[in-house]
Amino acid sequence: GFRSVAILDPGIAVDSELGAEGRARDLFVRAADGEPAVGEVWPGKCWFPDFTRADARAWWSVQVREFLAHTRLDGLWNDMNEPAVMDAPGKTLADDCLHAGLDGSGGSHARWHNLYGQLMVAATHAGFVAAKPDVRPFVLTRANHLSGARFAATWTGDNKASWEHLRWSIPM
């Protein structure tokens, strides 16, 4: 009777097979110098998919589909998807990191930051549907955008058991 939900973060370890594949396919957000942007997250040094690119979203969806096909998970929880970067001054990618842009127009992370989480959950949702077409997808996210509710429920992030945090959670 238990349901299982796993956390899925966008940071892909630089020294992983998946990281090598994404790098070879040029799917990651770029730093201002043109190299893939690197940031410290749970697995160590990570690269971050450029979800403004259709091919990066499709690649992510395939990874989700293949992962879910080999598990008995009931849902996925997209976390750290601003994306969070532990060793960065703003705790996210630098504003001057570069994205391809939804229409190829490009732009800085400052431009695409607020859509990053929604684009990730859209790709996660698509992978979930491909893996389990007869199951209603359960995707939870920490970062989303106004129209992202069609892909995931939004959780307000880590909080404390305090009246102040309860008060903040209502408008969130």
In terms of hydrophobic clustering (I, L, V, M, F, W, Y; side-chain heavy atoms under 4.5 Å; direct or indirect links), are Met120 and Met86 co-clustered? yes

Does Gly11 offer a backbone N or O that forms a donor-acceptor pair with the side chain of Asp9 under 3.5 Å? no

Can Leu140 be reached from Phe128 by stepping across I, L, V, M, F, W or Y side chains whose heavy atoms are under 4.5 Å apart? no

Smallest heavy-atom separation, Ile12 atom then Trp59 atom, equals CD1-CH2, 3.6 Å

Under 3.5 Å: donor-acceptor pair, side chain of Ser105, backbone of Gly101: no

Is there a side-chain contact between Val29 and Tyr116, using heavy atoms and a 4.5 Å cut-off? yes

Are Leu27 and Leu98 linked, directly or through other ILVMFWY residues, by side chains that come within less than 4.5 angstrom of each other? no

State, with a plain yes or no, whether a side-chain heavy atom of Pro137 is found less than 4.5 Å away from one of Val129. yes

Quick one, Asn144 and Val121 - any side-chain contact, counting heavy atoms below 4.5 Å? yes

How long is the straight-line distance from OG of Ser16 back to CZ of Arg23, given to the nearest 0.5 Å? 12.5 Å

Quick one: are Asp87 and Lys45 in side-chain contact, heavy atoms under 4.5 Å? yes

What's the spacing between Arg30 CZ and Trp47 CH2 if we round to 0.5 Å? 10.5 Å

Under 3.5 Å donor-acceptor, Arg53 side chain and Asp26 backbone: yes

For Thr124, run the side-chain contact (heavy atoms from CB on, under 4.5 Å) check against Val139, Leu119, Asn81 and tell me which one passes. Val139

Atom of Cys97, atom of Leu93 and distance for their closest heavy-atom approach: SG-CB, 4.2 Å

CD1 of Ile170: more than 12 outside heavy atoms within 6.0 angstrom? yes

Checking Arg142 side chain against Asp158 main chain: does a donor-acceptor pair fall under 3.5 Å? no

Taking Trp77 as the starting point, is it possible to reach Phe138 by hopping between hydrophobic residues whose side chains are less than 4.5 Å apart? yes

Heavy-atom nearest pair, Arg65 first then Ala130, reads CD-CB, 3.7 Å

Can you get from Val85 to Trp42 by hopping between Ile, Leu, Val, Met, Phe, Trp and Tyr side chains that sit under 4.5 Å apart? yes

Taking the side chain as C-beta and beyond, is there a heavy-atom pair between Ser108 and Asp95 under 4.5 Å? no

Given Leu76 and Phe67, is the side-chain contact (heavy atoms from CB on, under 4.5 Å) satisfied, shown in steps? CA-CA 11 Å; Leu76 291 171; Phe67 177 68; 4.3 Å; yes

Within the distance-only criterion (no hydrogens, no angle test), does the side chain of Arg57 pair as donor or acceptor with the backbone N or O of Phe51 below 3.5 angstrom? yes

Specify the closest pair of heavy atoms between Ser147 and Gln118, including all atoms of both residues, with the distance to one decimal. OG-NE2, 3.2 Å

What do you reckon, are the aromatic ring centroids of Phe48 and Phe28 less than 6.0 Å apart? no

Determine the minimum heavy-atom distance between Ala94 and His109, stating which atoms define it. O-CB, 3.3 Å

Could you go through His113 and Glu82, starting from their C-alpha distance and side-chain angles, then the distance that decides it, and tell me whether this counts as side-chain contact (heavy atoms from CB on, under 4.5 Å)? CA-CA 7 Å; His113 177 270; Glu82 293 82 18; 3.8 Å; yes

Give a yes or no on whether the backbone of Gly106 and the side-chain of Trp112 come within a donor-acceptor separation of less than 3.5 Å. yes

What heavy-atom pair brings Asp96 and Ala32 nearest, and what distance separates the two atoms? OD2-CB, 3.6 Å

Looking only at atom types and distance, does a side-chain atom of Asp74 sit under 3.5 Å from a main-chain N or O of Ser4, one as donor and one as acceptor? yes

How many angstroms lie between atom OG1 of Thr141 and atom NE2 of His125, to the nearest 0.5 angstrom? 12.5 Å

